[in-house]
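Model, not experiment: these values are computed from the prediction. Heavy atoms only: backbone and side chains are in, while hydrogens, waters and symmetry mates are out. Position 1 is the first residue of the sequence; numbering continues from there.
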Amino acid sequence: MTVSTHFIHMKEAIALAQQAYAVAEVPVGCVIVKDGRVIAKAHNLTRTSCDPTAHAEILCLQEAGRVLQSAYLEDCDLYVTLEPCPMCAGALSWSRIRHLYYGAYDSKSGGVEHGPRVFEHTTCHHAPGITGGMLEEECASIMKNFFCDVRKKS
C-alpha cells in the first residue's frame, strides 16, 4: 500500500470517530483492511450499548472475524484514531493483526506506547507492526473538542 492509501484508511476512521461524536460516544473510529479493502469498521458504542468493552477496536475485530470466519487476522491492518487502551491492545495481540496504525497518542489511557505497553511484555503472544501519530492533530482535535463539549454540558 502507498502512503496515500494509509491516509485514506485513517480518514475513514476519522469519519467514524465523527459519527461517534454525533451520538455522544467518545469519538474513536476504526477500520480493518485486508488486501487494500475495508472489511470491517466501527466506532465506540460503550454508552449506547451500556457495554464497557464496546470500544471501536473490539467491535471492528469482531466484525472482521465474522467476515473472514476466523479469529486470526494475520493479513489485516487496523487503523484507529486513538492509541489503543490495554484491553484493545491485548485483543489486537490475540487476533494477530499484522499492523496497527493509530492517530492520537493517549498518555493517560494508552496501552501501546504509553501505560503498560502491552506488546513489549514477554507474555505477549504477538506484536503487530506499529505506526503511531498518523494524522495525529486531526485525531487529537476531535477528542479535545468532544471533552470540551462534555465539560460545558456538565
Co-membership, hydrophobic cluster, residues [X] and [Y], 4.5 Å side-chain:
X	Y	answer
L45	V26	no
L61	I130	yes
I39	M10	yes
I8	I142	no
I32	L59	no

(message) Would you compute the distance between atom OG1 of T131 and atom NE2 of H99 and round it to the nearest 0.5 angstrom?
(response) 3.0 Å
(request) Calculate, to the nearest 0.5 Å, the distance between atoms SG and NE2 belonging to C60 and H55 respectively. (result) 14.0 Å
For the pair [X] (side chain) and [Y] (backbone), establish whether a donor and an acceptor sit closer than 3.5 Å, ignoring hydrogens and angles.
X	Y	result
T46	A54	no
H126	E74	no
Q19	H43	no
N44	P27	no
E63	A40	no
R98	D77	no
Y105	E113	no

(request) With sequence neighbours excluded, give me every salt bridge (charged side-chain N to carboxylate O under 4.0 Å, His left out) pair touching residues 118-134. (result) R117-E120
Ignoring hydrogens, what is the shortest heavy-atom contact between [X] and [Y]? Give both atom names and the distance.
X	Y	answer
P116	G111	CD-CA, 4.0 Å
L73	S70	CD2-O, 4.1 Å
V112	A89	CG2-CB, 4.2 Å
C30	L16	O-CD1, 3.3 Å
I58	C88	CG1-SG, 3.9 Å
S93	C124	OG-SG, 3.4 Å

(request) Could you label the plane-to-plane angle of the F146 and Y21 rings as parallel, tilted or perpendicular, counting under 30° as parallel and over 60° as perpendicular? (result) perpendicular
(message) Looking only at the aromatic ring of each residue, does the gap between the centers of H6 and Y101 stay below 6.0 angstrom?
(response) yes
(request) Using a 4.5 Å cut-off on heavy atoms from C-beta on, say whether the side chain of D35 contacts that of R37. (result) no
(request) Using a 4.5 Å cut-off on heavy atoms from C-beta on, say whether the side chain of H9 contacts that of V38. (result) yes
(request) Apply the side-chain contact (heavy atoms from CB on, under 4.5 Å) test between C139 and each candidate in V80, T81, L82, V28; give the one that qualifies. (result) T81
(message) One thing to verify: whether R47 and E25 come together as a salt bridge, which I'm taking to mean a side-chain N less than 4.0 angstrom from a carboxylate O.
(response) no
